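Computed from a prediction, not measured in an experiment: that's the story for all the values here. All heavy atoms count here, side chains included; hydrogens, waters and symmetry mates do not. Position 1 is the first residue of the sequence; numbering continues from there.
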Amino acid sequence: MKIERLNENQIRCTLNKSDLASRQLKINELAYGSDKAKELFRDMMQQAAIEFGFEADNIPLMIEAIPLPNECIVLI
């Protein structure tokens, strides 16, 4: 999992096939808010807070998921 800070309000997280496999998570589960997907999002936000000071507590988030051809997915 690779996380980058795009600006004050956005981060980008790139997940590859092995990232998803290690969490036993399928791409379609991200859309339906499974427990595994929620855990992934919590981990992403925690890592973004540690690495970049990115905090988004108690505010609504919009997540854009972009599938890539090499079985990766980008979350913004």
Visitor: Do you know which two heavy atoms are closest between Gln24 and Glu29, and how far apart they sit?
Guide: O-OE1, 3.8 Å
Visitor: Please give me the minimum heavy-atom distance between Ile3 and Phe52, naming the atom from each residue.
Guide: O-CZ, 3.4 Å
Visitor: Sort out for me which residue in Met44, Glu8, Met45 forms a side chain to side chain contact (heavy atoms under 4.5 Å, CB included) with Phe54.
Guide: Met45
Visitor: Decide whether Ile63 and Leu68 are clustered together by the hydrophobic rule: side chain heavy atoms of Ile, Leu, Val, Met, Phe, Trp, Tyr closer than 4.5 Å, transitively.
Guide: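 The answer is no; the residues belong to distinct hydrophobic clusters.
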Visitor: Dump the intermediate steps for side-chain contact (heavy atoms from CB on, under 4.5 Å) on Leu15 and Leu40, then the final yes or no.
Guide: CA-CA 10 Å; Leu15 299 164; Leu40 170 66; 3.7 Å; yes
Visitor: State plainly whether the residues Asp43 and Arg23 are in salt-bridge range, i.e. N to O under 4.0 Å.
Guide: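 Between Arg23 and Asp43 there is a salt bridge, with a charged N closer than 4.0 Å to a carboxylate O.
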Visitor: Can you check side-chain contact (heavy atoms from CB on, under 4.5 Å) on Ile73 and Ile66, steps first, answer last?
Guide: CA-CA 6 Å; Ile73 187 164; Ile66 305 163; 5.8 Å; no
Visitor: Look up atom CE in Met1 and atom OG in Ser22, then write down how far apart they are to the nearest 0.5 Å.
Guide: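 That separation rounds to 8.5 Å.
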Visitor: Who pairs with Arg5 by salt bridge (charged side-chain N to carboxylate O under 4.0 Å, His left out), at least two apart in sequence or on another chain?
Guide: none
Visitor: Is there a side-chain contact between Lys2 and Cys13, using heavy atoms and a 4.5 Å cut-off?
Guide: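 No - every pair of side-chain heavy atoms lies 4.5 Å or more apart.
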Visitor: Quick one: list whatever passes side-chain contact (heavy atoms from CB on, under 4.5 Å) with Gln10, sequence neighbours left out.
Guide: Leu6, Asn7, Ile76
Visitor: Donor-acceptor check, side chain of Glu51 to backbone of Ala48, threshold 3.5 angstrom: yes or no?
Guide: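 Judged by distance alone, no pair lies under 3.5 Å.
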Visitor: Got a donor-acceptor contact below 3.5 angstrom from the Asn16 side chain to the Cys72 backbone?
Guide: no
Visitor: Is Asp35 atom CG crowded by more than 12 heavy atoms from other residues, nucleotides or ligands, each under 6.0 Å away?
Guide: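 No, CG of Asp35 has 12 or fewer neighbouring heavy atoms, counting only those of other groups under 6.0 Å.
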Visitor: Nearest 0.5 Å, what's the CD-CZ distance between Glu64 and Arg12?
Guide: 11.0 Å
Visitor: Is it true that Leu75 and Leu25 fall in one hydrophobic cluster, defined by side-chain heavy atoms closer than 4.5 Å?
Guide: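 As far as the 4.5 Å side-chain criterion goes, Leu25 and Leu75 are connected within one cluster.
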